[in-house]
Participant: 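Pasting a structure below so you can have a look.
Convention: sequence-line order gives letters A, B, ...; per-chain numbering from 1.
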2 protein chains.
Amino acid sequence: MHSFTEENYLKAIYKLQETNGEVVATSALAQVMEVHAPSVTDMLKRMAGKKLVTYQKSKGVKLTERGRQVAVGIIRNHRLWEVFLVDKLGYKWDEVHDLAEQLEHIHTEDLTNKLDKFLGFPKADPHGDPIPDANGVLPKSKAVLLSTLKVGEEGMFTGVTDHTPAFLNYLDKAGISLGNNIKVKAIEEFDQTYTLQIKSNKEIIISNKVANGILVN
Amino acid sequence: MHSFTEENYLKAIYKLQETNGEVVATSALAQVMEVHAPSVTDMLKRMAGKKLVTYQKSKGVKLTERGRQVAVGIIRNHRLWEVFLVDKLGYKWDEVHDLAEQLEHIHTEDLTNKLDKFLGFPKADPHGDPIPDANGVLPKSKAVLLSTLKVGEEGMFTGVTDHTPAFLNYLDKAGISLGNNIKVKAIEEFDQTYTLQIKSNKEIIISNKVANGILVN
DNA sequence: AAATTAAATTAGATTAGCCTAATTTTACTT
DNA sequence: AAGTAAAATTAGGCTAATCTAATTTAATTT
């Protein structure tokens, strides 16, 4: 139906629209897709021809409704495959991204829905990212960065903003796992470090960088 | 590593070598790959450059050892994914081929082996085709065509030579399933039809065409 | 062995997706 | 408002994988 490349552009545009606002710049896309700007311009023209995006020369791109549907479908598929890889095949959460990047492009509606059922209709992937439902609806999360909590406040660790293996590994080593309750015991003004209490027992100190990678509810 | 296209050529060459002898002709490949002959010539040159095949102008192709390893790896992966689709996701045996054609190209050694383990190290795919082991060894089958049996002889239904959905559906409808014991009760000389006894109870009549699609052991 | 037919190759194009270099458009300063 | 910097586009090329038309090589028939 659509090439892997087109699907990757759609996904990238979708994510940029989510985080950086409605209209996406050529340069931003070029950076995310790791190609040079003229390649993006080329591709956007082709995709506009297929009604996947609306593109105005030098004015950036937006997804059409159809483009959004495809993008969300890919994301749904990606996250379901991640659950499969972790829950069924025994991969660790920091190992699945690249494989899921490939598997996500193998999707018929039927396959995705059967996989969803097989996995028990999971609501989030191994990193806590919500899985869109079969209609392309993505539940709005009201999770906030751990770094926005004040001393004494607490929340449940429900997701990460940093998906790099390095960060995920750090969390493993620090003993911070999805679902844990995290309470901010202290914030050191001097160097912006946080003292946390995890699961009402152990206490640890993390940097601001780490606190910015953790989402709590 | 290798493109999907290269992998498909390797698989096609492998299968043609198995059935039609050591050396594969350009025209045979063109037919299987559903492309025109000059495309094959082109591709063979590229693949010879990568040491995946040995190719002599106008003399046909053979796989190199490396080419064979890759081809068998793809077949292993294809068959494991078919088992997954049928056993885990609930697909029927006539529905999985096209999906597995895509999934087969997503393969790291690790993924394939984890999938193998998850599926319980199956020895055959849903059509009875043997699954190569992790070292690329494919068990030699001594199955024979049902059409070669004489009256009174019997065997266990262990595979098909015709993988089309139409044929597989016919077998479903006729109540002939993998693993069934099949005994030839009679062969009608006039029109080459076979009267079979399935699982020591029901008796059915099949055509020669069907008898040529069934492998027994 | 010559002639014919069939198979394979070469030559020259096409498309998707990418590139670099040059140019144009937009945005930002002063 | 003019000048500069940054962003985007056009122009022209490249590669993988395909095509058609023309040619060459191999196989088969007389």
Participant: Hey, what bend do you get for the helix from C:dA1-D:dT30 to C:dT30-D:dA1 if you fit axes on five pairs at each end, rounded to 10°?
Facilitator: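 Axis-to-axis angle, ends of the helix: 10°.
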Participant: Using 30° and 60° as the class limits, which term best fits the ring planes of B:Trp81 and A:Phe84: parallel, tilted or perpendicular?
Facilitator: tilted
Participant: For DNA chain C, note the earliest and the latest nucleotide, 5' to 3', having some atom under 4.0 Å of a heavy atom belonging to chain B.
Facilitator: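 Listed 5' to 3', the contact boundaries are C:dA8 to C:dT10.
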Participant: For B:Leu171 and B:Val160, what are the C-alpha separation, side-chain angles and deciding distance, and is it a side chain to side chain contact (heavy atoms under 4.5 Å, CB included)?
Facilitator: CA-CA 10 Å; B:Leu171 293 180; B:Val160 294; 4.0 Å; yes
Participant: With a 4.5 Å heavy-atom cut-off, do A:Leu146 and A:Ile206 have their side chains touching?
Facilitator: yes
Participant: Going by heavy atoms closer than 4.0 Å, what residues in residues 4-35 of chain A are next to DNA chain C?
Facilitator: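 Result for residues 4-35 of chain A: A:Thr5, A:Tyr9, A:Val35, sorted by number.
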Participant: Distance-only, no hydrogens or angles: does the B:Asn77 side chain make a donor-acceptor pair with backbone N or O of B:Gly73 under 3.5 Å?
Facilitator: no
Participant: Tell me whether B:Glu18 at atom CD has more than 12 heavy atoms from other residues, nucleotides or ligands lying less than 6.0 Å away.
Facilitator: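 More than 12 within 6.0 Å, yes.
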Participant: I'd like to know whether CD of B:Gln31 has more than 12 heavy-atom contacts from other residues, nucleotides or ligands below 6.0 angstrom.
Facilitator: no
Participant: By the definition side-chain hydrogen bond (donor to acceptor under 3.5 Å, both in side chains), identify the one residue from B:Glu101, B:His2, B:His105 that meets it with B:Asn8.
Facilitator: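 Going through the options one by one, the only one that passes is B:His105.
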Participant: Can you sort out which residues in residues 39-59 of chain B have a heavy atom within less than 4.0 Å of DNA chain C? Ascending by number, please.
Facilitator: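 Output list: B:Thr41, B:Lys45, B:Tyr55, B:Lys57, B:Ser58.
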Participant: If we check side chain to side chain contact (heavy atoms under 4.5 Å, CB included) with B:Leu80, which of these qualifies: B:Leu115, B:Leu103, B:Asn113, B:Leu85?
Facilitator: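 Of B:Leu115, B:Leu103, B:Asn113, B:Leu85, side chain to side chain contact (heavy atoms under 4.5 Å, CB included) with B:Leu80 is met by B:Leu115 alone.
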Participant: Give a yes or no answer on whether the side chain of A:Ser39 reaches the backbone of A:Val35 with a donor-acceptor pair at less than 3.5 Å.
Facilitator: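 Looks like no, no N/O pair under 3.5 Å.
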Participant: Tell me, do B:Glu104 and B:Lys11 make a side-chain contact under 4.5 Å, heavy atoms counted?
Facilitator: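 Side chain of B:Glu104 against side chain of B:Lys11, heavy atoms only: contact under 4.5 Å found.
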Participant: Need to verify one output field. Residue with the more 5' nearest nucleotide on DNA chain C, A:His36 or A:Ser3?
Facilitator: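 Whichever sits nearer the 5' end wins; that is A:Ser3.
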Participant: Can you list, pair by pair, the side-chain donor-acceptor contacts under 3.5 Å of residues 207-217 of chain B, counting residues two or more places apart and other chains?
Facilitator:
| from | atom 1 | to | atom 2 | distance (Å) |
| --- | --- | --- | --- | --- |
| B:Ser207 | OG | B:Lys209 | N | 3.4 |
| B:Ser207 | OG | B:Val210 | N | 3.2 |
| B:Asn208 | OD1 | B:Asn212 | ND2 | 2.9 |
| B:Asn212 | OD1 | B:Ser147 | OG | 2.7 |
| B:Asn212 | ND2 | B:Asn208 | O | 3.2 |
| B:Asn217 | OD1 | B:Ala143 | N | 3.2 |

Participant: Return each pair, listed once, that meets salt bridge (charged side-chain N to carboxylate O under 4.0 Å, His left out) where at least one residue sits in residues 112-127 of chain B; pairs must be two or more places apart or across chains.
Facilitator: B:Arg76-B:Asp116, B:Arg79-B:Asp125, B:Asp110-B:Lys114
